[in-house]
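Count residues from 1 along the sequence.
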Amino acid sequence: MDTFSQFVSWINGSILFFILAALISNRWRAGQVFSVALLYFIFTGQLTVGEALANFVNPVLMTLVLLLLVSIVLGKNRFIEMATRHALDCGYRMALFRLCTMTAFLSSMLNNTAIVAAFMGKVANQKRHAASRLLIPLSYSAVAGGMLTLIGTSTNLIINSFVVNAGLEPLEFGDFFQIGLPVVIVVLIMLVVTGKYLLPNTDQLSESYNKFLMEARVEENSPLIGKSIQDNGLRDLEGIFLIEIWREGRLITPICPSRRLHANDILIFNGDPDFFSEMDRFSGLVLLTEEERVPVGNLTEVVIASGSYLARKCVRNIGLRVRYDATAVALSRGNEELTGKLSNVCLRVGDRLLLATGDDFRAMSEETTDFHVLREHVASGSLDIRNSLISISLFLFVLAGSIMNVFNLLEGLIGIFIIYLLVGYTRLEELRNKIPFELIAVIGSALGIAQVFTSDGTVHAVAEYAAIYLQDFQPWMVMAGLFLITMILTEVVTNNVAAALSFPLALGLAQVLDVKPEAFIMTVAFAASCSFLTPVGYQTNLMVYSSGNYRSTDYLRAGFPIMLAYSSVSIFMISWFYL
């Protein structure tokens, strides 16, 4: 390698370091970081525009996108609700076994994030068992179940796209099964055995919000009557916020600043109880006693989704009333105390919001991926039994046809996606905001970046350098080291990004050590989904974080034995089949 080539390799290595540092800092989205890196390689002539664009229409990436969109329809399946109700109608250990087994099985065929989203609200709202003892197992079993097949998790499909780009034989639907089945069995056993002892038993948000609510009646002779909310000074109170008005048996929410008050209106505020005394300065406004208070209606719990527009924005700046016809009532972040006035709070992925919703909320919520709705009565419209059966049958037909090589999976998914649209199971308006642009940006960019690192010799040079120190180790030991590195990356920068960063190194190590590349490819795949120690490594863990009122230590305590079992069985089985 000449001096100039060495210089380029060093610069490219610095870009890789920049990518990793930017992702760990969490100041920018992964899509932004990878896109900037890709543009650098295009502008420096190391990658042509045509080569870069080709990665964004990669058939495997398109398959992933279609699977995610099809999963939206299948998530409306009525059988999911029926199965959840039946699974939990028994003692705790049997309920845990049923729920986890069902989740793992479904996650092998559908995207595991969609499965957790479909089950989460139903598990959180049932009263027989504490949701905090079910939601972490729900996530963990979905993570493990996704490793049974090629399509169970987006990570497997992403790795397959790297495999195809590297000129290797693409992974088949069942390639993961022989390793994944023992892994899933061990994980399920560990969850059932340890769940009762390692998982917390905590209260739900909906049972705790009342202490942040205050109600006051507008008296007959009040000077507030006939004036707007804004003119009466009720819009900019310190520490509290007007969320609803109860008027003649009708609930008005959210509140427009120009709405005028009537006599006997009951104003419902939420906020910090320390500021409730601020109401004393308003003449003709009388606080209600606990017995006089009216029930707060139209309350809906939502969880901020991964990649949400709402993440990292303050509540006052996101326009909940305009965008979703809703007002924030309370916030839960893991097990943290619910906040009072929320306007200055910046939201994070996984936060659970209690919203007071208006008449248009349901329609608006069906067309967004900003949050997952937990309350069943406002969730996206479920399909009836007949259409549920048709939708799932079509999907199973496509899977069977692709497994038997009658047609490829992408063709089958395009077919049923068109059918779902034509028969009205979903609408383009509903899907418009649910296309995973962030994921497309990350994977399309990562494929191009991997091409550069492979062609300029950077990956091979790193692998050769590592081989000098690894030559005295058995291949399975090197696999274990790669597994550990990828697993740590997953907990820091999420599973899909960890897979994108680790794959080139895995391929280089396989070449230098002269072993089957499948061994190291499978190592990266299973390690990228080994996320059981923190709520942030895998998006299903983050989805249930606030719904179960968890602490970060709950994941560490419950997940450590699961992680040991998962990683040990994975490495053993990969070594057994490929070394």
For the residue pair [X] and [Y], what are the closest heavy atoms and their distance?
X	Y	result
Tyr545	Ser552	OH-OG, 3.9 Å
Met543	Val303	O-CG1, 3.5 Å
Leu88	Arg128	O-CD, 3.1 Å
Leu135	Gly548	CD1-N, 3.6 Å
Cys346	Asp351	O-OD2, 4.3 Å
Asn55	Gly444	CB-O, 3.5 Å

Spell out, as yes or no, whether a donor-acceptor pair under 3.5 Å connects the side chain of [X] to the backbone of [Y].
X	Y	result
Ser391	Ser388	yes
Gln126	His129	yes
Tyr538	Phe532	no
Asn232	Ile229	no
Ser107	Gly145	no
Asn58	Val60	yes
Asn156	Thr153	no
Tyr566	Pro561	no
Ser139	Ile136	no
Ser228	Asp231	yes

Problem set entry | Enclosure of Lys313 NZ (heavy-atom neighbours >12, cutoff 6.0 Å) | yes
Discussion item. So for atom CZ, which belongs to Arg133, do other residues, nucleotides or ligands contribute more than 12 heavy atoms lying within a distance under 6.0 Å?
Written reply: yes
Do the side chains of [Y] and [X] get nearer than 4.5 Å, heavy atoms only?
X	Y	answer
Leu198	Phe560	no
Thr426	Leu69	no
Leu287	Phe269	no
Val302	Tyr324	no
Asn496	Ser154	yes
Arg217	Leu288	yes
Leu439	Ile158	yes
Leu64	Leu61	yes

- [ ] Determine, step by step, whether Met120 and Val544 satisfy the side-chain contact (heavy atoms from CB on, under 4.5 Å) criterion, reporting the C-alpha distance in whole Å, the side-chain angles of both residues, the deciding distance to 0.1 Å, and the verdict.
- [x] CA-CA 7 Å; Met120 185 170 58; Val544 303; 4.1 Å; yes
Just do the side-chain contact (heavy atoms from CB on, under 4.5 Å) check on Leu267 and Leu261 with the steps written out, would you? CA-CA 9 Å; Leu267 311 184; Leu261 295 182; 3.7 Å; yes
To the nearest 0.5 Å, tell me how far [X] [atom1] sits from [Y] [atom2].
X	Y	atom1	atom2	answer
Phe41	Ile449	CZ	CD1	6.0 Å
Ile151	Leu66	CD1	CG	12.0 Å
Arg259	Asp265	CZ	CG	9.0 Å
Thr194	Leu199	OG1	CG	6.5 Å
Leu447	Ser161	CG	OG	4.5 Å
Ile115	Ser71	CD1	OG	7.0 Å

Exercise. Might you work through the side-chain contact (heavy atoms from CB on, under 4.5 Å) test for Arg352 and Asn549, ending with a clear yes or no?
Key: CA-CA 9 Å; Arg352 184 164 52 134; Asn549 287 346; 2.8 Å; yes
- Query: Which is it for Asp554 and Arg557 under the salt bridge (Lys or Arg N to Asp or Glu O under 4.0 Å) test, yes or no, and what are the steps along the way?
  - Reply: CA-CA 5 Å; Asp554 293 330; Arg557 183 174 58 251; 2.7 Å; yes
Checklist line | Residue pair Thr540 / Asn112, side-chain donor-acceptor N/O under 3.5 Å | finding: no
| message | Evaluate Glu491 against Ser531 for side chain to side chain donor-acceptor pair (under 3.5 Å), listing each step before the verdict. | response | CA-CA 6 Å; Glu491 299 293 4; Ser531 180; 3.3 Å; yes
Q. Under the side chain to side chain donor-acceptor pair (under 3.5 Å) criterion, do Asn495 and Thr155 qualify, and how do the steps go?
A. CA-CA 7 Å; Asn495 57 322; Thr155 308; 2.8 Å; yes
Under the rule for side chain to side chain contact (heavy atoms under 4.5 Å, CB included), what residues qualify as partners of [X], not counting sequence neighbours?
X	answer
Leu39	Phe43
Ser502	Thr486, Leu489, Val524
Ala52	Leu38, Ile42, Leu47

Under the side-chain contact (heavy atoms from CB on, under 4.5 Å) criterion, do Tyr92 and Leu134 qualify, and how do the steps go?
CA-CA 9 Å; Tyr92 172 69; Leu134 295 172; 4.0 Å; yes
Just say parallel, tilted or perpendicular for the rings of Tyr555 and Tyr550, cut-offs at 30° and 60°.
-> perpendicular
